Structure formats: C-alpha cells, structure tokens
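Quick caveat, the model's predicted, so the values are computed rather than measured. Labels below follow one simple rule: chain letters A, B, ... track the order of the sequence lines, proteins then strands, and each chain is numbered from 1.
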2 protein chains.
Amino acid sequence: MKLEQAIQSNKFKNETQKAALNVLYTAWWLKTSMSKGLKEFGLTHEQYNVLRILKGKYPEQICVRDIACRMIEKNSNVPRIVDRLEIKKLVKRTTSQFDKRETVITLTQSGILLLEASTKSIDQNMETLSVLNETESAQLNKLLEKMRSLEE
Amino acid sequence: MKLEQAIQSNKFKNETQKAALNVLYTAWWLKTSMSKGLKEFGLTHEQYNVLRILKGKYPEQICVRDIACRMIEKNSNVPRIVDRLEIKKLVKRTTSQFDKRETVITLTQSGILLLEASTKSIDQNMETLSVLNETESAQLNKLLEKMRSLEE
DNA sequence: AACTAATACATGTATATACATATAAATTAA
DNA sequence: TTAATTTATATGTATATACATGTATTAGTT
C-alpha cells in the first residue's frame, strides 16, 4: 500500500519528508505483524526481543545493562520487561557475584522452549512477508544507514 | 551508525532480516530526534501528529475517527491524545450536530500558534538531519512500499 | 414503531516508552 | 579510611499502544 493511502494524505513537502513518514509507518506495520504472530505465545514484541538477546549469549549470563544496549528501542525499561518474563518463569534473576550492583538474567528451560517455538513461527511469518530480495534489502539497509549518518 | 553497532549484534540471517530490524531502529531514531525538538513546546510526538492532521483540514472540522485513520500508528488511542490536547487548550471538542455520536475536534487559536512554532522548529531540525537527496529518498520510498506490498 | 445491529466514542486494563528519582554497591578522591 | 562520585538497577509518574468493554446514537430489519 502506498503511504498516501495508508495515512490518507498526499501533502508531503518532498521525497525526503515522505521517506521519514514512510519509515515510521513501515516500522508500525512490521511491529504489528510480528505482534500478531507472538500473541499465541503470550509474548509482546519487546519481551520477545529480550528473550532473543538472552539466547544470543546463552548459556553465558548477561546483565540488565547489556540487554538494554542491545535493544532496538534504546529507552526500553528493561527491568520492567524482565519483571514480566520472570513472572512467567521464562527467565531467572540473580545478583552478580562479581559486582553486587548487577542483576544477571538467565533463560530458564521453558524460556528456551518458548523462544524456539515462537522464533520458528515468527521467521516463517517473516519469510512469507518478505518480498524484497537480497539485493533490494541490501540497498534498503544502505539507504537507512545513510539516513542515520548524523547519528551521535 | 551501522546497525551492527547500534544493537551490538551481527547475527543477521540475511539482508532481509537485517532490513526489518534496520527499519525498526531507524524509526526509533527518527521518533527520538523529533521528540527532542518537540520537548520545548511541551508536545509529544503523537500530540504533534494529531495537531498536524487537524491543521491539514483547518478550518474544516474533523471527527475522532477521521483523525485515527490518518495517524501513522493505527492503534493510537485518539480520544486520549485529544484529552491531553484539550487540557492544554490546544483543541476544542464538540458533539457533531449531524451525528451526535461523533465528536468533532477543532484547533484553538493557541493550538494554531503552537503548531506553527513547533513545525518551524521540527522542519528545521529535519532539514539538518536529512542527508538523503531527493533521488535517494524516492528510492527509499519505493523499497519501503515494496516491502509492505503484502499489506492487507 | 419496536427491535436488532452497527457505529462512534469513551473508558478500563495491561504493557511499553520516556524520563526522573531513589537505593545500593563499587570506584575514586581527599 | 572516610567521603564523594559514579554505576547498576529498581521504582515512580506521565503518556502512549493495544485491545476489550461500555454507552449513546444511528441505521437497518421485521
């Protein structure tokens, strides 16, 4: 769907302004698609993101700060997301032996199982959705990274 | 900044998967940049979006449903965003004469003034941030719209 | 006309973002 | 070694998203 239809507007100053809105809208669309798939596993998009980060290091442990700096949305309140994962017994919190300020998070067995099942479903979903080939995707990555080149 | 640095990971299955994450991260980055600029006006990103939609039709009135379908994030809770704009006296709520179920929203004079000031600041900010030229932006728009082509 | 269904909005709840502040532990400075 | 500073996490508050439910009004059906 063209952006014009999606947000019922065609008053863009130029292609650059439209591109910014298009990125925002596409991100919303992607998140929504993912969330739909995650629903049957009782996970939110963000909880899934945290589980994936933990999996990436498993069986190595990882502290809250390290999770935070790997999150896509940098202002995520990781302790609170971990709260919910802990209630569902998908992760375990422990105080680090080496630095008692640090809280170390570990995936539980059921966390691993749920992540595997949901990842399979999500990846399949993404596979179906992805109409861009590798060359186009690479081009998109290049443009997005150029767009962000003034990032501090 | 490369996505790899931003989220401290280089374990992407392929360029297509990376592109999805890159869109999500870029959207977060854009929102954050915009929000910083809006802060001095006491507006959130979403409140600003609603004000812009109202401006787009001004002086014509527009109901809550029409605002909602023009929002970038389609699940926005428009009545609640309007609540906050109303408290700040930036908009006015009236029940439609033609259909008493509809709530019609109008910009107040101070809403218009605030929007003008903030738009000027935001546009200037965006101008500075935009390193993509028109051709590149058009290419980006094309890729994003292709990415979403399976949209229902 | 009375009943049913649909629509528009408001409101409630859970979770998240964004940011400020509090608390405990570790590091550095005096 | 004590005091000050920094760091890691938790917690509080306002606003937002996501979705369910409630309520009033309109439209449609019998």
Does one side chain, of A:Arg93 or A:Thr103, offer a donor that lies under 3.5 Å from an acceptor on the other?
no

note: A:Ile62, atom CD1; D:dT9, atom P; distance rounded to Å ~ 10 Å

Heavy-atom nearest nucleotide on DNA chain D taken for B:Phe98 and for B:Lys88; more 5' hit belongs to B:Lys88

In B/S/- notation (B base, S sugar-phosphate only, - none; protein heavy atoms under 4.0 Å), nucleotides 17-22 of chain D written 5' to 3' is BBBS--

Here the distance between atom P of D:dA8 and atom CZ of A:Arg93, to the nearest Å, is 16 Å

Rounded to whole Å, CG of A:Leu85 lies from P of D:dT9 at a distance of 16 Å

Taken to the nearest whole Å, CD/B:Gln97 to C1'/D:dT26 is 17 Å

Between CD of A:Glu102 and P of C:dA25 the distance, given in whole Å, is 14 Å

Margin query: Can you confirm whether the side chains of B:Glu134 and A:Thr16 place a donor and an acceptor under 3.5 Å from each other?
Written below: yes

A:Leu90 atom CG is separated from C:dT15 atom P, nearest whole Å, by 13 Å

Between CD1 of A:Ile87 and P of C:dA14 the distance, given in whole Å, is 11 Å

When rounded to whole Å, the CD to C1' distance for the pair B:Gln47 and D:dT15 reads 8 Å

Quick one: does A:Arg101 reach the base of D:dT9 with a side-chain donor-acceptor pair under 3.5 Å?
no

Enclosure of A:Lys142 NZ (heavy-atom neighbours >12, cutoff 6.0 Å) | no

Of the candidates D:dA10, D:dT9, C:dA26, the side chain of A:Lys100 sits closest to C:dA26

Exercise for the section: Please check if atom CD in A:Gln124 has more than 12 non-hydrogen atoms from other residues, nucleotides or ligands closer than 6.0 Å. Expected result: no

The residue, A:Thr103 or B:Thr44, whose nearest nucleotide of DNA chain D is more 5′ is A:Thr103

Test B:Leu30 against A:Leu24 for side-chain contact (heavy atoms from CB on, under 4.5 Å), laying out the working first. CA-CA 8 Å; B:Leu30 277 170; A:Leu24 294 174; 4.2 Å; yes

| Does some side-chain heavy atom of A:Arg70 sit less than 4.5 Å from a side-chain heavy atom of A:Lys57? | yes

(Q) Is it true that A:Tyr48 and A:Ser35 share a donor-acceptor pair across their side chains at a distance under 3.5 Å? (A) no

